[in-house]
Structure formats: structure tokens, C-alpha cells
Amino acid sequence: MGLKPLEFADCLTDSPYFRTKLAEHERELERTSKFIKTLVHHGRDVYNAAKQFSKAQKAFAKDLMDFKFECIGDQLTDDENFISQSLCEFGKFIERIEEHRDILVSAAEDQFVKPLENFRKENIGAAKEEKKNFDKQTAKFCQSQERYLNMKTKINDSTLQEADTQVEFEKKAFYTSSMKYVLKLQEVQDKKKFEFVEILLSYMLGWLTFYHQGYVDLEDFRNYDHELRQLLQKTRENFECTRDEAQILMSKMLNENKGLKPLDQSGTLKGFARQGYLYLMEKKALGTTSWTKYYCQYKKETKEFYMILYNQ
């Protein structure tokens with residue numbers, strides 16, 4: 001159920017019904033004031049959270065751009081180059097999004113927070129000031145009436161006329177303050193329907209513009225995304241094929257040497273007739289001995305033997 005309208009004619013009667021309607025408008029005014037304070041508080045929370053999220057996103061983007069993508073081999077293929085640059089591209093895309101967020105957050109104070117606070121202070125605050133004046137004039141008018149009623153009946157006409165004039169003056173001041181207060185209450189309720197909603201509309205448009213800009217950037221990213229996905233799928237298929245071949249080769253090498261004889265290392269010797277680990281017993285001080293591990297390589301043609309001290 002909405003608020004009952006306040007009429008200027010009600011100010012002249014100042015009935016209990018008028019006072020009840022005034023109290024209802026005042027409660028609504030206070031509720032609106034608290035609501036705006038809550039909006040400002042939570043709005044600031046939103047923008048502060050956006051700042052922190054943006055800070056984390058930028059750090060994440062920097063990590064992506066700084067990461068050095070290494071692949072097997074001395075030189076990268078074109079496909080490997082494209083894939084290795086993808087992390088940097090991801091970081092750049094995130095940075096562009098965060099630039100749009102920075103614009104939104106930097107404008108928040110001027111476009112949302114301050115306008116809401118100003119609306120509360122300039123409109124609701126002005127209504128509360130009018131209420132103070134109205135309450136003051138009400139008290140003065142009531143006091144003047146009481147003084148008039150308490151005057152002795154046997155007084156001269158000039159004194160009575162002066163008292164009548166004073167009562168009329170206070171009554172007029174009361175009517176004026178009452179009508180101004182009613183007018184201000186009506187103004188605040190009317191401004192809620194456009195000025196207050198306009199501020200919240202700017203909040204909505206700010207975020208929607210940010211999301212729209214992200215969508216525009218996403219459209220620009222789609223071509224890159226499509227090309228990268230095709231390349232990743234191709235790389236995945238190559239990996240699965242190579243992995244299957246590697247597993248077959250591994251099984252073949254192991255199955256060919258089921259006995260106790262050493263595995264054939266001819267595919268890994270690279271010019272050496274034999275290579276592997278040897279344990280040498282070495283004498284230490286005071287007649288103690290210990291085993292020392294060496295990795296040894298032997299070239300049959302040149303009869304060269306290499307020993308590398310190694311401890312896993």
C-alpha cells in the first residue's frame with residue numbers, strides 16, 4: 001500500500017489524520033536514507049572487490065606473458081612457436097579486459113557513489129531540515145495559543161489586539177513552514193522516481209558496457225581461438241600416435257631381453273662400444289674401504305675409457 005498524498009489544505013487544518021500521514025512519509029524518508037547508505041556501502045564493496053580481482057588478474061596475466069615455453073629440440077617448429085606464444089596472447093587478452101575494468105572502477109566514485117550520497121544529503125537532508133523548522137514553528141504556534149488562552153479576561157483592547165496579532169503571525173509562520181515541509185516531502189518522493197533511478201541506471205550501464213566490451217574482445221579472440229584449437233588438436237593427435245609408437249618400442253626392447261643378459265644399448269651408445277655404471281672399491285684412511293660409483297664409457301676403436309664420478 002502506497003503513501004497517502006499530502007495536501008496543502010491539510011496544513012490549514014493540521015488534523016491528527018494529517019499528522020499520521022506526515023509520520024508515514026517521514027518513516028519512508030528514513031527508510032530510503034538507510035537504503036541509500038546500504039547501497040553506497042555495498043557498492044563500494046563491489047568496486048573494491050573489482051580492484052582486488054583486477055590486481056590478481058593482472059599478476060596472473062604477467063605470469064603468463066613472462067613464462068618461457070620450452071620444447072624439445074634445438075629449434076622450434078612453426079606449430080611449436082605458435083603454441084609457445086599462446087600463453088603470452090592469453091596474458092595480453094586478460095590485460096585488455098582489465099583495462100576496461102579499470103575504466104569502470106575509476107569512474108565509480110563520480111558516477112555512482114557521490115551522486116547517491118549527494119541525493120541523500122541534498123534531498124533527504126533538506127527534507128529533514130524542513131522538518132526541524134516545521135517542528136520549531138509548531139511549538140511556537142502552540143505556545144502563542146497557550147499564552148493567549150492564559151491571558152486575563154479583563155485587559156484593555158490594545159493589549160488584546162496585540163495578542164491577536166501575535167497569534168495570527170505565529171499561525172501564518174506555522175502554515176508557511178507546514179506547506180514548505182509538505183512541498184519538500186513531495187519533491188523527494190518525485191525525485192526518487194527519476195533522479196535516484198538515473199543514478200542506479202548509470203551503475204547498471206557501467207557494468208553492462210564493461211561486459212559488452214569484453215564480448216567485443218571475445219569476438220576478436222575467436223579467430224585466434226579457432227586456429228589455436230585446431231593446432232592443439234593436431235598436436236594431441238601427434239602425441240597420441242607418438243606415445244603409442246614409443247610404448248611399442250619400449251615393449252619390444254624389454255621383451256627381447258627377458259633373460260639375465262644386459263639389454264642391448266646399441267641404439268643409445270653414440271660411438272661407444274659399451275657404457276654404464278661401475279662400482280669401484282676404494283681404500284680409505286685407517287684401512288677402511290668404500291664403494292664409489294662411476295659412469296664409464298668405452299670406445300673400442302681408439303681404446304679410450306672415460307670415467308665420470310656420479311652419485312645419484
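Residue numbers start at 1 and run along the sequence shown. Computed from heavy atoms alone, side chains included, the values below leave out hydrogens, waters and symmetry copies.
Relative orientation of the Trp207 and Phe210 rings is perpendicular, given thresholds of 30° and 60° on the angle between their planes. Note on ring orientation: taking the six-membered ring where Trp is involved, the planes of Phe305 and Tyr298 are tilted (angle from 30° to 60°).
Ion pairing between Glu28 and Lys192 holds under the 4.0 Å rule for side-chain N and carboxylate O. Note on Arg101 versus Glu98: salt bridge recorded, some NZ/NE/NH1/NH2 to OD/OE distance being below 4.0 Å. The pair Glu95-Lys92 does not meet the salt-bridge criterion, since no charged nitrogen lies less than 4.0 angstrom from a carboxylate oxygen. A salt bridge does not link Lys21 to Glu24: none of the charged side-chain nitrogens sits closer than 4.0 Å to a carboxylate oxygen. Between Arg96 and Glu99 no salt bridge is recorded (no basic side-chain N to carboxylate O distance below 4.0 Å). Under the 4.0 Å criterion applied to side-chain N and carboxylate O atoms, Lys58 and Asp102 are assigned as salt-bridge partners.
Linking ILVMFWY residues whenever their side-chain heavy atoms come closer than 4.5 Å, directly or via other members, places Val46 and Val105 in the same cluster. If you chain together hydrophobic residues whose side chains sit under 4.5 Å apart, Phe53 and Tyr211 never meet in one group. Cluster membership for Tyr203 and Ile103, using ILVMFWY side-chain heavy atoms within less than 4.5 angstrom, is not shared. A chain of hydrophobic side-chain contacts below 4.5 Å, direct or via other Ile, Leu, Val, Met, Phe, Trp or Tyr residues, connects Phe93 to Tyr224.
When only modelled atom types and interatomic distance are considered, Glu162 and Gln166 share no side-chain donor-acceptor pair under 3.5 Å.
Exactly one residue among Lys132, Lys131, Gln137 makes a side chain to side chain donor-acceptor pair (under 3.5 Å) with Asp135. That residue is Lys131.
Applying the side chain to side chain donor-acceptor pair (under 3.5 Å) test to every pair with at least one member in residues 239-249, sequence neighbours left out, gives no pairs at all. Counting only residues at least two apart or on different chains, the ring-ring contact (aromatic ring centres under 6.0 Å, His included) pairs with a member in residues 162-187 are Phe134-Phe174, Phe134-Tyr181, Phe141-Phe174.
For the atom pair Leu228 CG and Phe90 CZ, the distance stands at 5.0 Å (nearest 0.5 Å). Of the inter-residue distances, the one linking Met179 atom CE with Glu130 atom CD reads 13.5 Å to the nearest 0.5 angstrom. Atom CZ of Phe272 and atom CD of Glu301 lie 10.5 Å apart (nearest 0.5 Å).
Judged by distance alone, the side chain of Ser177 and the main-chain N or O of Ala173 form a donor-acceptor pair under 3.5 Å. With His25 contributing its side chain and Pro5 its backbone, the two residues share no donor-acceptor pair below 3.5 Å. Between the Ser54 side chain and the Ala50 main chain, no donor and acceptor come within less than 3.5 Å of each other. Under the 3.5 Å distance criterion, the side-chain polar atoms of Ser33 are left unmatched by any main-chain donor or acceptor of Glu30.
Within a 6.0 Å radius of CG in Asp78, no more than 12 heavy atoms belonging to other residues, nucleotides or ligands are found.
Listed here is the closest heavy atom pair of Ile94 and Phe60: CD1-CD2, 3.8 Å.
The aromatic ring centres of Tyr295 and Tyr310 sit 6.0 Å or more apart.
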Quiz: residues 107-121 side-chain donor-acceptor pairs under 3.5 angstrom, not counting sequence neighbours:
| unit_1 | atom_1 | unit_2 | atom_2 | d |
| --- | --- | --- | --- | --- |
| Glu109 | OE2 | Arg44 | NH2 | 3.2 |
| Glu117 | OE2 | Arg44 | NH1 | 3.4 |
| Asn118 | ND2 | Lys114 | O | 3.2 |

